[in-house]
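Okay, structure first, notes after.
Being a predicted model, the structure only gives us computed values, none of them experimental.
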Amino acid sequence: MTSEQRTRIPWIPMAATALLWGSAFTAIQVALPDYSPASIALLRMAITVALLLPCLFLGHIGRLRRSDALRMAAFGLTGMTAYQVLLCAGEQSVDAGTAAMLIAASPVFTTVLGMAFLGDRPGRRGLAGLAVALTGALAVAVTSGGGSGSLMGALMVLGAAATQATSFALQKPLLKKYSGAECVFYGSLFGMLPLLPAAPGAVGQIAAADGHRTLAVLWLGVGCTAMAFWTWSRTLRATTASTASLVLYAVPVAALLLDALFLGNLPSLNAAGGGLLVLAGVAVAAVRRAPKAPEPEQAEAAVERELVGSKR
């Protein structure tokens, strides 16, 4: 009997993680009328750092080794700065549900990078799945250009997916030395640096913004990052990598539901069809690498690199 069979599936933390990450797309759209993309990204990272700072003082977050500083900085600049700014900028003209479906194509870029720089061989099944996912992503982007948003906004969101994939490749070796919380903390610190010139504007926007838009920014740091990290960690401790990865497929669904519930946005049939192709293609490509009864530590190392996204 495999560990997958022996372990009860942690439905509650898995569902909570999907909802928390999915809510990020809606929270960004709520905040955007009063906050710029740079301000949202900066404030979200600042909130995350403030919440994790006590962990540093208590010794739960270790010191960053000098030899790893350059890679951690590159991870922060791609996975935090570029990803969040591009996503927020794209959501100025693309609804939250559509943005979530486009971000779901991130594994396509991850695999391409692995083939180009790490010598990965995804095989025929993997390549076929990724081709389907990429076709779906392009269908969503083109549909967005004619209906639910602008083509430029959709391309920005796809750019965010590409930078997220780059950050995963950079983060993978770091997760052998650092926990997910440490990567989030130091990645956010480095990610904040290029956005510091936007700090005065962000402070001014806080003073002028409606309260519910400021609460949306606060939620991005507290709920979509800190709380999501906690529920995600519980998921990783309770089950295997293959089961935990189901959360990633549930995030766009959660985003679509929340976007419809709170903002009344519904994707077009073409966009929804493209999103289904993205998820189906990524699922087919992922099946080939499903691990055989990994230990909890192996599950965390295999899946935790998807966290930042936390991003989401």
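- Residues L261 and F25 fall into different hydrophobic clusters, defined by Ile, Leu, Val, Met, Phe, Trp and Tyr side chains chained together at heavy-atom separations under 4.5 Å.
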F190/L64 under side-chain contact (heavy atoms from CB on, under 4.5 Å): CA gap, chis, key distance, verdict: CA-CA 12 Å; F190 282 113; L64 177 64; 3.7 Å; yes

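- Taking a 6.0 Å sphere around CD1 of I12, one finds it holds 12 or fewer heavy atoms contributed by other residues, nucleotides or ligands.
- Of all the heavy atoms in P37 and V85, the pair that sits closest is CB-O, 3.9 Å.
- No continuous path of hydrophobic side-chain contacts links L42 to L77 [ILVMFWY only; heavy atoms under 4.5 Å].
- From C88, atom SG reaches atom CE of M156 across 11.5 Å, with rounding to the nearest 0.5 Å.
- The OG atom of S23 sits 6.5 Å away from the CG atom of L258 when rounded to the nearest 0.5 Å.
- Rounding to the nearest 0.5 Å gives a distance of 11.5 Å between CE of M80 and CE of M192.
- The shortest non-hydrogen separation linking G191 to P194 is O-CD, 3.4 Å.
- Across every non-hydrogen atom of S36 and Q205, the tightest pair is N-OE1, 3.1 Å.
- Contact of the L86 side chain with the V157 side chain is not registered, since no non-hydrogen atoms from C-beta on lie closer than 4.5 Å.
- Going from atom CZ of R63 over to atom CG of D68 covers 15.0 Å, rounded to the nearest 0.5 Å.
- Distance alone, capped at 3.5 Å, is enough to place a donor-acceptor pair between the T163 side chain and the A160 backbone.
- Using cut-offs of 30° and 60° on the angle between ring planes, the pair Y178 and Y186 is perpendicular.
- To the nearest 0.5 Å, atoms NZ (K176) and CD (Q171) are separated by 13.0 Å.
- Using a 4.5 Å heavy-atom cutoff, the side chains of Q84 and I28 are not in contact.
- A 4.5 Å side-chain heavy-atom check between V184 and S188 finds at least one atom pair inside the cut-off.
- Not a single donor-acceptor pair under 3.5 Å links the side chain of T81 to the backbone N or O of T78.
- Between I206 and Y35 there is a side-chain heavy-atom pair separated by less than 4.5 Å.
- Residues W11 and V251 are members of one and the same hydrophobic cluster, defined by side-chain heavy-atom contacts under 4.5 angstrom among Ile, Leu, Val, Met, Phe, Trp and Tyr.
- T231 and T17 share a donor-acceptor pair across their side chains, judged by distance under 3.5 Å alone.
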Intermediate values then yes/no, side-chain contact (heavy atoms from CB on, under 4.5 Å), L195 and M45: CA-CA 10 Å; L195 296 177; M45 285 185 276; 3.5 Å; yes

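- Contact record, E182 with K177: OE1-O, 4.4 Å, taken as the closest heavy-atom pair.
- Heavy atoms only, all atoms of each residue included: L56 and G62 are closest at CD1-O, 4.4 Å.
- Put simply, the side chain of Q92 never gets that close to the backbone of G153: no donor and acceptor are under 3.5 Å apart.
- Enclosure of atom CG in L70 is not indicated, since only 12 or fewer non-hydrogen atoms of other residues, nucleotides or ligands lie within 6.0 angstrom.
- Under the 3.5 Å distance criterion, the side-chain polar atoms of D95 are matched with a main-chain donor or acceptor of G97.
- Residues T48 and F185 form no side-chain contact, since every pair of their non-hydrogen atoms from C-beta on lies 4.5 Å or further apart.
- Of the listed residues (I40, V30, T225), just one forms a side-chain contact (heavy atoms from CB on, under 4.5 Å) with L220, and that residue is I40.
- L52 and L58 are members of different hydrophobic clusters when ILVMFWY side chains are connected at heavy-atom separations under 4.5 Å.
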Test log, rule side-chain contact (heavy atoms from CB on, under 4.5 Å), inputs M152 and S93: CA-CA 8 Å; M152 182 57 67; S93 57; 6.0 Å; no

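- No side-chain heavy atom of S167 sits under 4.5 Å from any side-chain heavy atom of Y83.
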W219/M227 under side-chain contact (heavy atoms from CB on, under 4.5 Å): CA gap, chis, key distance, verdict: CA-CA 10 Å; W219 176 252; M227 290 174 60; 4.1 Å; yes

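- Using a 4.5 Å heavy-atom cutoff, the side chains of L51 and F229 are not in contact.
- With values rounded to the nearest 0.5 angstrom, R71 atom CZ is found 6.0 Å from L174 atom CG.
- Residues A18 and A250 come closest through the heavy atom pair CB-CB, 3.8 Å.
- Looking only at side-chain heavy atoms (C-beta outward), Q29 and N265 come within less than 4.5 Å of each other.
- Under a hydrophobic clustering in which Ile, Leu, Val, Met, Phe, Trp and Tyr are joined whenever their side-chain heavy atoms come within less than 4.5 Å, directly or via other members, L32 and L155 fall into the same cluster.
- For T166, there are no side chain to side chain donor-acceptor pair (under 3.5 Å) partners at least two apart in sequence or on another chain.
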